[in-house]
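Proteins come first, then strands; the chains are lettered A, B, ... in the order of their sequence lines, and each starts at number 1.
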Protein chains: 2
Amino acid sequence: MADPPTRSEPTTPRKTSEPPGPRLSRALILDRAIRLIDAQGVTALTMRALGASLGVEAMSLYRYVNGREDLLEGVVEQLVGSIEVEPGERMEPNDGWQAFLQWFAHDVRRLALEHPAAFPLIATRHPAAPWLRPPLRSLRIVEAFLNGLRERGFTDHQAVTAYRSFSSFLLGHLLLECAMSCVGTSFAEEPVDEGNADLPNDDAQLDLTDYPTVARLQPQLTEDHTRAEFEEALEHLLVRMDLEMSQ
Amino acid sequence: MADPPTRSEPTTPRKTSEPPGPRLSRALILDRAIRLIDAQGVTALTMRALGASLGVEAMSLYRYVNGREDLLEGVVEQLVGSIEVEPGERMEPNDGWQAFLQWFAHDVRRLALEHPAAFPLIATRHPAAPWLRPPLRSLRIVEAFLNGLRERGFTDHQAVTAYRSFSSFLLGHLLLECAMSCVGTSFAEEPVDEGNADLPNDDAQLDLTDYPTVARLQPQLTEDHTRAEFEEALEHLLVRMDLEMSQ
DNA sequence: ACCTGAACACCGTTCAAGT
DNA sequence: ACCTGAACACCGTTCAAGT
């Protein structure tokens, strides 16, 4: 903790190219783990690989992290922690709850798109309590979510109901969007086979002869409208909430 | 492929208690793998454990399965294959598209609730093509889905749009429902610590002192209304589709 | 044809030992 | 206090060898 930020790099350089490295720390380890997941996928996040990427042996990590499960838990915590919870300056406090939810939704979406390889962890790892729903799975965020809505006129019951439907909405849309953005990225478990590189991309060689409708509609199925779908579905969710509130 | 279905079971019994076992086969292996996942979770599905549960060494599996990745792929395929795609007798062919989608949604939900531990695989493993969206991620199902809607009056474009919004809806709701039903089941990575069993269940000991609103609303947050939420959200999705079609 | 023993590379994890 | 070497149990996978 009491480390000089950057002197003239007196730290003894080790064998591989690690950063100047103000020694090890849990935060540093989690940061590096997230970067590793982003670059190579979750399965590449190995205690040994993570250690090596920090210029250290795997065993050193166990001082700061309680095993691999705890490491992944920490990664999720760190990522979810990056969700802004206090509306910034761009958000007037007297804007309605619709603006609040719009802003919230887009902040979670930003997180998902920045870390598409890590988002499935946020989505599928068991939360601390069963009523903490991914991706809004931290007490801090749920508290802010509920308060944000109550300050804007929601009753207790309406806020809780909104938390539920909002979670489902975010989970479904963002997980799909991540799945699509992960295909074709550096997710190949094995290095790309260059021998038969005459196959341009890996989705064209599906045999569609038995599925005429899919074959006919493939161009339209291939179009990516995830952004627009997200906005539309969000808009409709807000309309739906509005209807349910006034009844 | 050309195997006698069931004779008088002449197969020699081996050491442990495995079923009469008409020899090994890919289908038998996948069945057993699914049962193992249901009972102990995905991480417990090990080549060695799976082999042992079939009364065989792990290496034998490699005759029928192309490694663990292929095994998991086969599990997903098998599960998705269990989704009925031709409306049964209960469904009149002249029922509207709403009835068709209702029936379809509930069949996928049945699959998710029958295999809550396996559903995250269906949800997050990369599909064969990026435009095949979980959980409707097989050509057979997409073909049936599109045809089912077209036979009931959808245009091509409307059917494709419906496929997209329907996938997001199912994914979000069912994944959340699975997460909730997996908490507290046989998902403990380690055998439950019986030493300090004075903690009744594992969600009560969260420190809520810094989160007054969550603390106050915890009873309502804990209520499980997943079933009703599913039905309501589905109803609203259908209404929304109806509106968009007539405009 | 179908299964296995032995072996290899890699993984998570522990712990006594180094500095 | 912080890191490491050595070791252990377990994993996926290959392959020559058994029957």
(request) For D/dA16, give its Watson-Crick or G-U wobble partner with both distances under 3.5 Å, or none. (result) C/dT4
(message) Any base atoms under 4.0 Å from B/Ser60, or only sugar-phosphate, or nothing? Heavy atoms, all strands.
(response) base
(message) So B/Met47, base contact, sugar-phosphate only, or nothing? Heavy-atom distance under 4.0 Å.
(response) sugar-phosphate
(message) Is A/Tyr64 close enough to D/dA1 that one of its side-chain N or O atoms is under 4.0 Å from OP1 or OP2 there?
(response) no
(request) Report the nucleotide, chosen from C/dT14, C/dG5, C/dA7, that has the shortest atom-to-atom distance to any side-chain atom of B/Glu57. (result) C/dG5
(message) For A/Thr46 and A/Arg63, find the nucleotide of DNA chain C closest to each by heavy atoms; which residue's nucleotide sits nearer the 5' end?
(response) A/Thr46
(message) Looking at every non-hydrogen atom in both residues, tell me the closest pair between A/Val142 and A/Leu136 and how far apart they are.
(response) CG2-O, 3.4 Å
(message) Closest-nucleotide mapping onto DNA chain D: is A/Arg48 or A/Ala58 further toward the 5' terminus? I mean the 5' end.
(response) A/Ala58
(request) Return the value, rounded to whole Å, for the distance between atom OH of B/Tyr62 and atom C1' of C/dG5. (result) 15 Å
(message) Without decimals, in angstroms, what is the distance between B/Asp70 CG and D/dG12 P?
(response) 14 Å
(message) Within the 3.5 Å criterion, strictly below it, is a donor on B/Asn66 or B/Glu73 matched to an acceptor on the partner's side chain?
(response) no
(message) Under 3.5 Å for both donor-acceptor distances, Watson-Crick or wobble: does D/dA9 have a partner, and if so which one?
(response) none
(message) Under a 4.0 Å threshold between the charged nitrogen and the carboxylate oxygen, would A/Asp224 count as salt-bridged to B/Arg164?
(response) no
(message) What is the separation between atom CG on B/Leu28 and atom C1' on C/dC2, rounded to the nearest whole Å?
(response) 15 Å
(message) I'd like to know whether the aromatic ring centres of A/Phe169 and B/Phe169 sit less than 6.0 Å apart in this structure.
(response) no
(message) Without decimals, in angstroms, what is the distance between B/Ile29 CD1 and C/dC2 C1'?
(response) 12 Å
(request) Classify the nucleic acid contact of A/Arg68 as base, sugar-phosphate or nothing, counting any heavy atom under 4.0 Å across all strands shown. (result) sugar-phosphate
(request) Give the nucleotide from the list D/dT14, C/dC15, D/dC11 with an atom nearest to the side chain of A/Met59. (result) C/dC15
(message) Can you measure B/Leu50 atom CG to C/dC3 atom P for me and round it to whole angstrom units?
(response) 13 Å
(request) Can you tell me the distance, in whole Å, between the CG atom of B/Leu61 and the P atom of D/dC11? (result) 13 Å
(request) Report yes if a side-chain nitrogen or oxygen of B/Arg23 is closer than 4.0 Å to either non-bridging phosphate oxygen (OP1 or OP2) of C/dA1; otherwise report no. (result) no
(request) Kindly point out which of C/dG5, D/dT4, D/dT13 is positioned nearest to the side chain of A/Val56? (result) D/dT4
(message) I need the CZ-P distance between A/Arg26 and D/dC2, as an integer number of Å.
(response) 15 Å
(message) Surrounding CD of A/Glu114 (heavy atoms of other residues, nucleotides or ligands, distance under 6.0 Å), is the total greater than 12?
(response) yes
(request) Rounded off to whole Å, could you give me the CG-to-P distance for the B/Leu45 and D/dC11 pair? (result) 11 Å
